Structure formats: structure tokens, C-alpha cells
Amino acid sequence: MQAVEVFAPASVANLSCGFDVLGLCLEGVGDRMRFTQTEEKGIRIVHTSPSDLPTDPTKNVAGVAAQALLKDYPLSGGICIEIDKGILPGSGIGSSAASAVGAVVGVNALLEKPLAKEDLLPYALAGEAIASQAKHADNIAPALLGGMILVRSVEPMDVLKLPCPKELFVVVLHPQIELKTAEARALLGENVLLKNAIQQWANVGALVHALHTQDDELLAQSLQDVVAEPVRKKLIPGYDPIKASAMDNGALGCGISGAGPSIFALVKGKEKGEQVAKAMANNCTQLGINHKVYLSAINARGAEIINPK
Ligand code: HSE
């Protein structure tokens, strides 16, 4: 194969209680990437839409992820990676993870003997790690594999695909400001109060149980974050009223998407999703905050090759 095109989806990490261990894959929002084999060795990065991201493959997450995979599975020539970013960096919906995941899916497709998708995770992680300066797979695992994912361990990599309730939709409200993941992580410090840790891991367990038993009430109760939200919400203008508008309109839960500034709400049914999306967007407009809003089903497929099909 000489060239492939990949769609790498956006994702929502943490899902309130699951800091660094829970995430889900979004439908329709993401990056398009084209990979062409070249005779010249090495990786060349080209942005096909306006972007301030580096083109140096040692500094670009897609380049780093691609190089990590090629180090173990070399090609005779090189690869040109054209990136059309559909996700703004620093938006909180897994921009760097999408690029890292897209890179390994594209490079893998050009290998003589492609690896199974799961085996690509450590290579995508190498790329994602340079953006957030930490190793967490709660964006890359859902972006690669689709669905809702629990990351049990990153070294060694061990992820579990969780069952997704039918009719679960995600509203994502993106206030148009940029938050760097590394900075939002630095704010959290090193320690968590034991009473908060107890509450948080109880909620993670309850959330997983709720997904397995299709218990929406328990799902709603467990979507709480006592670790990152209280600290990080200060970085997001209008966070409390926007969250209140989602909850008042029947969202099961609402929280910071990844490191923010995007805010996600989980909702049962598309109609309810439209209502919640409208309420959150209206609230943002009243507060004078520029924003974009998405309503998405949960994408069960993850990153995929879109050309050739
Ligand atoms: N779990 C990570 C964090 C996700 O919250 O820092 C970053 O997108």
C-alpha cells in the first residue's frame, strides 16, 4: 500500500470520577490524516489547515508516535504525514491524542504485516506523552479503540472496553479558550486527600457497575469529581452556571472534558441531548462566552482508515 487516509476521532477523558483512567470516543469530530510512502527516509509533517503546531517530527505528537512505531517496525523509505486538524489544540477533547492515534493507525496500515489495534497503544502513548508531559491513556485508548474505556495500567498497557448503554449521547461545549494539559495537570499537585480518594474510587467502581447493569440512576450518581474539578473549574469561565444548565435540563452528569476547557454532559437520548446542548449554549451566550457545541453518539469504532476503504 502506498497511501492511506485516516480519521482520528476526538475523545472525552476522565468522565468526572475517572481521572486518567476513564474515557470515551466521540463521533464525527476529529482529525483527517493522509500518509504517503516516500523514497526519501524519515518523516515529513505537513499541515493542510492553518496550524501553529510544529512540523519537526521530533516535536510533533504525530511524528513522535510514528517514529516510535517505525523504530520497532522499520519501512525501507519514509512517510509524508499530511494533517488536517479538526480538533483545536488545548480544547480538552483529545487533540494531541487524535494526532498520535491517527499517526500509528496510518503508519501501521503501510507496514507489510500490520499490528493489531491494541498493540499500537504504547506507540500512540509515546506521542501523547510529549504534549501532556505525562503518560495517561484515557484519550488515546478510546480514540484508538472506540467506545468507553477503563485504563487499568499504562506500563504495561492494559485497557478494558466497557459496555455502552444504548441511547447514551454526549454534549460537548467548547468555550473558545485554550488550556494546556500540562498546565492544568501541574495545578493538581502531587497529593489527594484520603477522604477524596475514597469517594473518587467508590464512584469509579459504581460507574463501571452502572454500565454493566444499564443502571442510569447509578450512572448519574457516580458522575462526580472531587479531585480535579474543584481545582480546574477556576480556569473555565462560567463553569458552574453552564454545568447547572445541563443538570437542570436533565443531563445524567456534567463535568470537565479531559483537562478542559471543554465541558461534557452525558445524556440519555438524542432529543434530550439537543435540549441540554441548547441550554448550555444559551447559557454561554448570556455570559458572553464564545463557544462551539457538539452533540455526539458514542463512537464504537475508534480511529479508522477512510481511504482506501
Ligand atoms: N486525564 C488527563 C487530564 C486528560 O485530565 O489531565 C487530558 O486530556
Side-chain angles (χ1 to χ4, degrees), residues 8-26 29-31 53 61-62 65 85-102 121 124-145 148-155 157-160 162 170 172-175 177-192 196-197 200-201 203-204 207 223-236 239 243 253-264 294 296 302-303:
S11 51
V12 174
N14 298 341
L15 302 182
S16 295
C17 54
F19 183 77
D20 274 5
V21 300
L22 286 172
L24 62 77
C25 186
L26 294 171
V29 194
D31 295 348
L53 294 172
V61 293
K85 286 293 298 170
I87 315 171
L88 277 181
S91 55
I93 50 171
S95 177
S96 52
S99 295
V101 161
L121 277 169
L125 186 68
E128 162 79 320
I130 66 154
S132 63
Q133 289 160 31
K135 287 189 174 173
H136 58 89
D138 50 344
N139 282 114
I140 58 157
L144 180 65
L145 305 172
M148 293 177 93
I149 301 275
L150 172 79
V151 181
R152 198 193 61 79
S153 155
V154 284
E155 278 172 338
M157 187 63 79
D158 185 12
V159 304
L160 304 169
L162 301 171
V170 193
V172 175
L173 182 124
H174 177 200
I177 56 169
E178 183 181 341
L179 276 187
K180 289 206 179 351
T181 299
E183 285 166 21
R185 291 183 79 83
L187 264 191
L188 297 178
E190 294 283 315
N191 301 305
V192 175
N196 288 343
Q200 201 88 346
W201 60 55
N203 278 324
V204 174
L207 187 142
L223 285 165
Q224 286 184 43
D225 176 10
V226 294
V227 172
E229 183 189 72
V231 182
R232 285 178 166 177
K233 70 177 184 176
K234 296 168 196 146
L235 301 173
I236 305 173
Y239 181 77
K243 177 172 175 171
C254 178
I256 301 172
S257 175
S262 286
I263 301 169
F264 81 98
Y294 311 96
S296 164

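Please read all numbers here as calculations on a predicted model, not as lab measurements. Every number for a ligand or one of its atoms is a count from 1 in the order of the listing.
Annotation: the span from D31 atom CG to I87 atom CD1 amounts to 4.5 Å, rounded to 0.5 Å.
Shortest non-hydrogen contact noted between V192 and A197 is CG1-N, 3.9 Å. Minimum interatomic distance between N139 and A97 (heavy atoms only, all atoms of both residues): CB-CB, 3.3 Å.
Of the possible donor and acceptor atoms, one in the side chain of K85 sits under 3.5 Å from a partner among the backbone N and O of S95.
Salt bridge annotation for E229-K243: present, with a cationic side-chain nitrogen under 4.0 angstrom from a carboxylate oxygen.
Residues with a heavy atom under 4.0 Å from ligand 1: A13, N14, F19, D20, H136, D138, N139, T181, R185, R232, G258, A259.
Counting only N and O atoms by type, the side chains of S96 and E128 include a donor and acceptor under 3.5 Å apart.
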